[in-house]
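Note on naming: letters A, B, ... go to the chains in the order of the sequence lines (proteins, then strands), and numbering restarts at 1 for each one.
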Protein chains: 2
Amino acid sequence: MPATTETVTSTELAARLRSNVVRLSRRLRRHAASGLSPSLISALAVVARRGPLTPSELADIEDVRRPTATRFVAILENRGLVDRDPDPLDGRSYRVAATARGRVLLAESRTRQGAYLARALSTLEASDLRTLDQALGVLERLLEAGR
Amino acid sequence: MPATTETVTSTELAARLRSNVVRLSRRLRRHAASGLSPSLISALAVVARRGPLTPSELADIEDVRRPTATRFVAILENRGLVDRDPDPLDGRSYRVAATARGRVLLAESRTRQGAYLARALSTLEASDLRTLDQALGVLERLLEAGR
DNA sequence: CCGATCTAGTTAGCTTTACTAACTATACCG
DNA sequence: CGGTATAGTTAGTAAAGCTAACTAGATCGG
């Protein structure tokens with residue numbers, strides 16, 4: 001029963017959004033396949049997509065503090081998913097890039113059995129996927145705005 | 001009805017959804033007003049809305065293990081937001097209900113200044129709110145289905 | 001009715017996530 | 001060149017949620 005004509009109040013929506021984010025976040029962590037938590041997969045995906053990044057840039061994009069970015073890089077490097085090259089312009093820093101193995105793992109985490117979320121979404125109809133797609137657009141703008 | 005004729009792939013959507021859940025979840029925790037984390041607010045809201053519940057029922061609804069529900073109840077009770085009455089039918093258990101103070105805090109957490117999320121959502125247009133509303137419906141079905 | 005088993009809640013201990021504060025070392029500016 | 005600003009790191013802390021193991025009340029078969 002889609003309440004298409006009813007007014008949606010933002011406070012009511014806030015409560016519902018919070019609950020669902022909390023629950024989905026639990027689910028994702030519980031079903032973490034490939035041995036990487038949602039946070040780490042997200043960080044790896046950012047590094048892979050947005051090319052070589054300094055830890056500070058990663059922290060900024062992922063909306064975490066720099067010590068957390070340091071930890072992300074350390075763990076990902078430890079597993080050979082990422083490597084670092086000195087920054088030619090700044091001796092204090094370095095650039096992080098995804099390794100071939102990191103890219104493989106990312107691809108697998110999207111398509112393979114282990115991908116709980118992709119599997120769940122694949123059961124949805126096209127119209128539902130479109131709805132989610134649009135909602136994510138809204139959410140992204142919201143996150144970007146409220147920094 | 002939307003001009004979007006492009007196909008939305010579920011694997012691509014999964015990655016985007018994961019990132020946004022992870023980030024929003026960080027935001028929510030960071031902006032936790034009223035001294036309650038998103039998890040605890042969500043638990044309190046469930047107790048308030050779905051009447052007196054046993055810890056097991058709470059655990060089931062919130063999709064956590066029982067020890068986690070025990071902790072939720074302990075913390076909420078400690079802050080006077082919830083109280084417990086013995087279960088007349090089962091001597092091992094009890095029923096948890098929201099106190100007046102708990103309900104006040106919930107109401108405040110929805111409307112007041114401190115409510116980061118409600119404030120952010122209030123800047124959106126009605127059509128965006130409707131999009132989110134529909135997407136939450138999809139998400140809820142998804143979460144319910146994948147138990 | 002009684003012992004065996006099942007179930008609700010709890011306790012203890014662990015892991016992960018992410019924070020702040022404080023430190024090191026390099027960059028930059030007057 | 002000296003002082004300040006900035007990048008990354010280290011250390012320590014707190015919260016979330018898990019599993020394993022325990023306690024006590026419920027339930028079921030004989």
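Using a 4.0 Å heavy-atom cutoff across all strands shown, A:Arg26 reaches sugar-phosphate atoms only and no base atom. Nucleic acid contact for B:Ser39: sugar-phosphate only, since backbone atoms but no base atoms lie under 4.0 Å from a heavy atom of the residue. Residue contacts shown for A:Ser37 are limited to sugar-phosphate atoms, with no base heavy atom under 4.0 Å away. Backbone-only contact: A:Arg30 has heavy atoms under 4.0 Å from sugar-phosphate atoms and none from a base. Looking at heavy-atom distances under 4.0 Å, A:Asp87 makes no contact with the nucleic acid at all.
With D:dA7, D:dG8, C:dT17 as the candidates, the nucleotide lying closest to the side chain of A:Asp90 is D:dA7.
Here the C1' atom of nucleotide C:dT17 and the CG atom of A:Leu28 are 15 Å apart, to the nearest Å. Here the P atom of nucleotide D:dA16 and the CG atom of B:Leu44 are 14 Å apart, to the nearest Å. Rounded to whole Å, the distance from CG on A:Asp85 to P on D:dG8 is 14 Å. Here D:dG17 presents its C1' atom at 12 Å from CG of B:Asp63, a figure rounded to the nearest Å. Atoms CD1 (A:Ile41) and P (C:dT16) sit 15 Å apart, rounded to a whole Å. In this entry the distance linking NE2 of A:His31 with P of D:dG17 reads 15 Å, nearest Å. The distance between atom CZ of A:Arg23 and atom P of D:dA16, rounded to the nearest whole Å, is 16 Å. Following rounding to the nearest Å, B:Arg92 (CZ) and D:dA26 (C1') show an atom-to-atom distance of 5 Å.
For the pair A:Pro38 and A:Leu89, nearest-nucleotide mapping onto DNA chain C gives the more 5' position to A:Pro38. Of the two residues near DNA chain C, A:Gly91 and A:Phe72, the one whose nearest nucleotide lies more 5' is A:Phe72. Between A:Val22 and A:Pro55, the residue anchored closer to the 5' end of DNA chain D is A:Pro55, taking for each the nucleotide with the nearest heavy atom.
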Under 3.5 Å, N/O pairs linking protein and nucleotides 19-22 of chain D:
| from | atom 1 | to | atom 2 | distance (Å) |
| --- | --- | --- | --- | --- |
| D:dT19 | OP2 | B:Arg65 | NE | 3.4 |

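Within the 4.0 Å cut-off from OP1 or OP2 of C:dT10, at least one side-chain nitrogen or oxygen of B:Tyr94 is found. For C:dG9, neither phosphate oxygen OP1 nor OP2 lies less than 4.0 angstrom from any side-chain nitrogen or oxygen of B:Thr70.
Annotation: side chain of A:Asp63 is in contact with side chain of B:Arg30 (closest heavy-atom distance under 4.5 Å). Contact annotation: the side chain of A:Phe72 never approaches that of A:Val47 to less than 4.5 Å [non-hydrogen atoms, C-beta and beyond]. Using a 4.5 Å heavy-atom cutoff, the side chains of A:Pro55 and A:Arg66 are not in contact. Side-chain contact between B:Ser19 and B:Arg23: present, with at least one pair of heavy atoms (C-beta onward) separated by less than 4.5 Å.
Of all heavy-atom pairs spanning B:Leu124 and A:Val138, the tightest one is CD1-CG1, 3.7 Å.
With no hydrogens or angles considered, no side-chain donor-acceptor pair links B:Ser39 and B:Arg29 at under 3.5 Å.
The main-chain N or O of B:Ala120 is found under 3.5 Å from a side-chain atom of B:Thr123 such that the two form a donor-acceptor pair.
With salt bridges taken as basic N to acidic carboxylate O contacts below 4.0 Å, none links A:Asp87 and A:Arg92.
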